[in-house]
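Structure, as structure tokens:
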Amino acid sequence: MPELPEVETVCHGLAPVLEGRRLTRVVAYRPDIRVPLPPDLGQRLTGRTVRAVERRSKYMLWRLDDDQVLIVHLGMSGSMRVYARNAPPIGAHDHVEFVTDRGAVIRFNDPRRFGLIVLSDRASLAHHPLLAEIGPEPLDPSFDGPALAARLKGRNGPIKAALMNQKIVAGLGNIYVCESLFRAGISPRRRAATVQGGRALRLIAAIQNVLRAAIAAAGSSLRDHRQTTGELGYFSHSFAVYDREGEACPGCTCDLAVNGGIRRIVQTGRSTFYCPQRQR
DNA sequence: CTACCATCCTGGTTGC
DNA sequence: TGCAACCAGGATGGTA
């Protein structure tokens, strides 16, 4: 599913066709996604102008001219596709279509239907249940090593689980947690509370570097992630450990047959990939 | 409060 | 080739 870099990529693709544009038509083809679409979505959006498209954690926020905010989450398999003209017929899993006054067509497609699209108003957005408890943005310059260390203090669970927790830090998912821990040389099994001082500095630097690199590569495509143009993201080629069980660690010089290469374990029901040699 | 588990749903891959 | 089992980028609500 889309993590922070994938959502950022989708925002970049949508902003130029949506910002300053009026929605002339909004159609819900399949309202029964994880959180059912508002039944009056079409009426509430039609005629509205989109002022800004922003990202918060893994959520997209479309700020409208009447102080409503459309909150969009892509779930595990959601995508937004933009057609300047000549959009093809509605396809399988196209659940919502937006048309702008310039004729651009935007389709929300989500095979697993884990995504959501809801409306909030601007005044209560920060207190919206979906957003209220989300932690700091990892790319915010004020989120540094000491800030991360403070949020990990007292946590007895593994650092992997803590980084997956959106209340501790926003926007990370399974891929970028694995990649960040590898870059920082920290074992995913290490107790979160022990990531302090220099380790926390290395970890926040690793998180920021891997996210920036992934955004520059338009995200990671395993199966579902697409840019709004339909193109793939290409950061998957840069994975050091994710989905590379048994392959040689890119940082180890020793023989693959000796150290066994990248290992896969399961933590809180999710696959974790790491190098036991380099991550302690 | 924290940690773990099952669950929502579809589709692709793997193994027999 | 066919089919069943398993796995997948997330979030949540329940339980211990």
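Computed over heavy atoms, backbone and side chain alike; hydrogens, waters and symmetry mates excluded. So you know, we letter chains A, B, ... as the sequences are listed, proteins then strands, and number each from 1.
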So do the side chains of [X] and [Y] get within less than 4.5 Å of each other, counting heavy atoms only?
X: A/Leu74; Y: A/Ser79; answer: no
X: A/Val266; Y: A/Arg270; answer: no
X: A/Glu97; Y: A/Ile106; answer: no

For [X] and [Y], does a side-chain donor sit closer than 3.5 Å to a side-chain acceptor?
X: A/Arg81; Y: A/Asn109; result: no
X: A/Gln267; Y: A/Thr272; result: yes
X: A/Asp110; Y: A/Ser77; result: yes
X: A/Tyr176; Y: A/Glu6; result: yes
X: A/Thr49; Y: A/Arg22; result: no
X: A/Ser57; Y: A/Gln166; result: yes

Handout entry: Atom P, compared across C/dC3 and B/dC9: separation rounded to whole Å
Key =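 Between the two P atoms, the distance is 24 Å.
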Problem - B/dC5 and C/dC7, which share atom name P, separated by this distance in whole Å - result: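 It works out to 14 Å between them.
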Exercise for the section: Sugar-phosphate means primed atoms, P, OP1 and OP2; the rest is base. With that split, encode nucleotides 6-13 of chain B 5' to 3' as B, S or - using protein heavy atoms under 4.0 Å. Expected result: --BBBS--
[X] near the nucleic acid: base, sugar-phosphate alone, or nothing, with a heavy-atom cut-off under 4.0 Å?
X: A/Arg270; value: base
X: A/Gly173; value: sugar-phosphate
X: A/Ser271; value: sugar-phosphate
X: A/Asn156; value: sugar-phosphate

Exercise for the section: Answer yes when A/Glu245 and A/Arg263 have at least one side-chain N-carboxylate O distance shorter than 4.0 Å, and no when they do not. Expected result: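 Salt bridge flag = no for A/Arg263 with A/Glu245.
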Handout entry: SB check A/Asp32 A/Arg30 (cutoff 4.0 Å)
Key =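 Salt bridge flag = yes for A/Arg30 with A/Asp32.
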Completion exercise
note: A/Lys58, atom NZ; C/dA11, atom C1'; distance rounded to Å ~ 8 Å
Handout entry: Base-paired stems that DNA chain C participates in, counting runs of 3 or more Watson-Crick or G-U pairs under 3.5 Å
Key =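 Looking at DNA chain C, the stems formed by three or more consecutive pairs are B:2-8 with C:10-16, B:10-16 with C:2-8.
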Practice task
Without swapping roles, check the side chain of A/Gln196 against the backbone of A/Ala149 for a donor-acceptor pair under 3.5 Å.
Solution key: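 At least one qualifying donor-acceptor pair exists.
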Handout entry: A/Ile186 backbone acceptor or donor facing A/Gln279 side chain under 3.5 Å
Key =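 At least one qualifying donor-acceptor pair exists.
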Atom pairs, protein N/O to nucleotides 14-16 of chain B N/O, distance under 3.5 Å:
none

Completion exercise
Here the ring-ring contact (aromatic ring centres under 6.0 Å, His included) pairs for residues 87-125 of chain A, sequence neighbours left out, are A/Trp62-A/Phe98
Practice task
Establish whether A/Ile71 and A/Ile134 are linked, either directly or via other cluster members, by ILVMFWY side-chain heavy-atom contacts under 4.5 Å.
Solution key: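 Same hydrophobic cluster.
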Exercise for the section: Identify whether A/Met164 and A/Ile207 are in the same connected component of the hydrophobic contact network (ILVMFWY, side-chain heavy atoms under 4.5 Å). Expected result: yes
Exercise for the section: Please work out which residues in residues 234-245 of chain A have a non-hydrogen atom less than 4.0 Å from an atom of DNA chain C and list them by number. Expected result: A/Tyr242
Problem - DNA chain C contacts among residues 158-167 of chain A, heavy-atom distance under 4.0 Å - result: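 Under 4.0 Å from DNA chain C: A/Met164, A/Gln166.
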